[in-house]
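Take a look at the structure below.
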Amino acid sequence: MKISELYKNKKRSLSFEIFPPKKDTELASIDETLKVLCELHPDFISVTFGAGGSANSNRTIEIAKNIKQNYGIEPVVHLTSLHYDKSEIDEFAKAMKEAGIENILALRGDRNPTIAEKDDFHHASDLIGYLKSKYDFCVLGACYPECHPESENKVSDMKGLKAKVDAGAEVLVSQLFFENQKFYDFQERCRIAGIEVPLIPGIMPVINANQIKRMISLCNASFPERFCRIIRRYENNSEALFDAGMSYCLSQIIDLIADGIPGIHLYTMNNPKVARRICDGIRNLV
Ligand code: FAD
């Protein structure tokens with residue numbers, strides 16, 4: 001099923017994001033994770049993509065195929081393009097078609113000085129346009145409520161995003177954020193710019209101190225004082241930090257649902273305990 005269909009009946013979607021394990025020996029653990037995630041009946045599960053791998057070496061498509069064929073859940077394959085040319089993207093597309101994949105989250109990918117960039121795809125919009133012109137996948141794109149770190153300002157960020165939608169992105173999934181007002185302001189900017197596709201907020205529950213340090217260096221998200229107070233108090237108490245992180249995340253999600261967002265995308269960090277706790281917390285919310 002194409003993910004864009006979900007939003008035609010105005011049902012709120014619930015989706016999870018997982019990443020392929022780094023080592024082959026850890027592949028079995030992803031099945032343990034998937035068993036629990038699929039019992040929670042998500043509308044889709046997206047699988048991240050490590051930039052620079054080949055169609056054969058990248059585990060993303062294999063895991064997505066497993067999700068579809070063995071668990072009956074719709075997968076979304078992330079696909080980056082900065083380090084590939086058209087023929088390599090065609091190889092991935094072919095592998096996806098053969099695996100029965102219908103949905104792609106099309107990305108430019110992060111710059112990596114150790115991997116040479118190619119010339120065919122400079123922006124995600126180039127990949128989106130290419131996929132839409134040649135194949136019949138449902139194509140999703142990424143968006144950044146607090147702007148992509150390379151964007152000069154909110155106006156240029158919005159222009160880049162509008163280019164993705166004009167190229168054919170049917171749904172946008174957001175970068176994580178900890179302050180809902182940032183997402184609401186972003187939603188308003190999108191509507192003013194004429195972006196009408198569903199905007200799905202991406203939410204990451206904070207569950208350990210190392211993860212927070214990594215996030216500070218990697219993403220553009222601001223950390224509200226209410227959130228920082230929790231971290232300061234519990235950073236050396238892993239159980240308390242887990243509980244507090246889950247409560248913070250749940251309060252964020254409940255507020256977003258009350259606002260009427262079209263879906264929630266949960267960055268599960270391959271931790272099914274996290275997904276289960278969130279699902280328990282929102283089970284009765286309509
Ligand atoms: P783009 O949309 O190309 O944007 C990059 C910059 O270029 C922005 O500043 C934008 O404003 C500007 N821009 C965009 N289009 C144009 C245009 N037409 N003209 C001029 N400027 C333009 N990375 C991975 O490696 N693997 C993953 O699986 C992965 N999954 C992700 C999932 C989500 C939901 C998100 C939010 C991010 C994910 N990323 C992933 C990270 C992503 O690859 C990086 O954020 C990357 O730096 C940008 O990718 P993009 O597709 O958003 O790029």
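Numbering of ligands and ligand atoms starts at 1, following listing order. Counting begins at 1 with the first residue of the sequence.
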Per-atom contacts, ligand 1 versus [X] - under 4.0 Å to a heavy atom:
{"X": "Leu105", "value": "32 (C)"}
{"X": "Thr48", "value": "28 (O)"}
{"X": "Glu150", "value": "9 (O)"}
{"X": "Asp110", "value": "43 (O), 44 (C), 45 (O), 46 (C), 47 (O)"}
{"X": "Val173", "value": "34 (C)"}

So, [X] versus [Y]: side-chain donor-acceptor pair below 3.5 Å or not?
{"X": "His78", "Y": "Thr48", "value": "no"}
{"X": "Asn70", "Y": "Asp31", "value": "no"}
{"X": "Asn66", "Y": "Glu62", "value": "no"}
{"X": "Gln252", "Y": "Asn180", "value": "yes"}

Which part of [X] is near ligand 1, with near meaning a heavy atom under 4.0 Å away: side chain, backbone, both or neither?
{"X": "Lys164", "result": "side chain"}
{"X": "His123", "result": "both"}
{"X": "Tyr144", "result": "side chain"}
{"X": "Phe121", "result": "neither"}
{"X": "His78", "result": "side chain"}
{"X": "Ala163", "result": "side chain"}
{"X": "Ser125", "result": "side chain"}

Checklist entry - Are the side chain of Thr268 and the backbone N or O of Asn270 linked by a donor-acceptor pair below 3.5 Å? => result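 Flag set: sc Thr268 to bb Asn270 pair under 3.5 Å.
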Checklist entry - Is a side-chain N or O of Asp43 found less than 3.5 angstrom from the main chain of Leu14, in a donor-acceptor match? => result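 Between the backbone of Leu14 and the side chain of Asp43 there is a qualifying donor-acceptor contact (under 3.5 Å).
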Checklist entry - Could you go step by step and tell me if Asp90 and Tyr130 meet the side-chain hydrogen bond (donor to acceptor under 3.5 Å, both in side chains) rule? => result CA-CA 10 Å; Asp90 287 335; Tyr130 182 70; 2.9 Å; yes
[atom]: the protein heavy-atom neighbour that sits closest, reported with distance to 0.1 Å:
{"atom": "atom 9 (O) of ligand 1", "result": "Ser151 OG, 2.8 Å"}
{"atom": "atom 26 (N) of ligand 1", "result": "Phe49 O, 2.8 Å"}
{"atom": "atom 23 (N) of ligand 1", "result": "Thr80 CG2, 4.3 Å"}
{"atom": "atom 3 (O) of ligand 1", "result": "Ala124 N, 2.8 Å"}
{"atom": "atom 39 (N) of ligand 1", "result": "Leu107 CD2, 4.0 Å"}
{"atom": "atom 51 (O) of ligand 1", "result": "Arg108 N, 2.8 Å"}
{"atom": "atom 35 (C) of ligand 1", "result": "Ala142 CB, 3.6 Å"}
{"atom": "atom 34 (C) of ligand 1", "result": "Tyr267 OH, 3.4 Å"}

Checklist entry - Are there protein heavy-atom neighbours of atom 45 (O) of ligand 1 below 4.0 Å? => result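 Looking at atom 45 (O) of ligand 1, one finds that a protein heavy atom does lie closer than 4.0 Å.
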Item to check | Residues Glu117, Arg108: salt bridge by 4.0 Å N-O rule | outcome: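 No, Glu117 and Arg108 are not salt-bridged.
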Item to check | ILVMFWY network linking Ile192 to Val155, side-chain heavy atoms under 4.5 angstrom | outcome: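 Ile192 and Val155: separate clusters.
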Item to check | Lys273 to Phe242, cation-pi by 6.0 Å centre distance and 45° axis angle | outcome: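 Judged by the rule (NZ or CZ under 6.0 Å from the ring centre, within 45° of its axis), Lys273 counts as positioned above Phe242.
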Checklist entry - Would Lys97 count as a cation-pi partner of Phe137, with NZ or CZ less than 6.0 Å from the six-membered ring centre and within 45° of the ring normal? => result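 Here Lys97 passes the 6.0 Å and 45° test against Phe137.
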Next on the checklist: Less than 4.0 Å is my threshold; does some heavy atom of Gly109 fall inside it relative to ligand 1?
Outcome noted: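 It does; at least one heavy atom falls under 4.0 Å.
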Next on the checklist: Using the salt bridge (charged side-chain N to carboxylate O under 4.0 Å, His left out) definition, which of the options Lys8, Lys2, Lys132 pairs with Glu170?
Outcome noted: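 The single option meeting the salt bridge (charged side-chain N to carboxylate O under 4.0 Å, His left out) with Glu170 is Lys132.
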Item to check | Over 12 non-hydrogen atoms of neighbours within 6.0 angstrom of CD in Glu196 | outcome: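 Enclosed: over 12 neighbouring heavy atoms sit under 6.0 Å from CD of Glu196.
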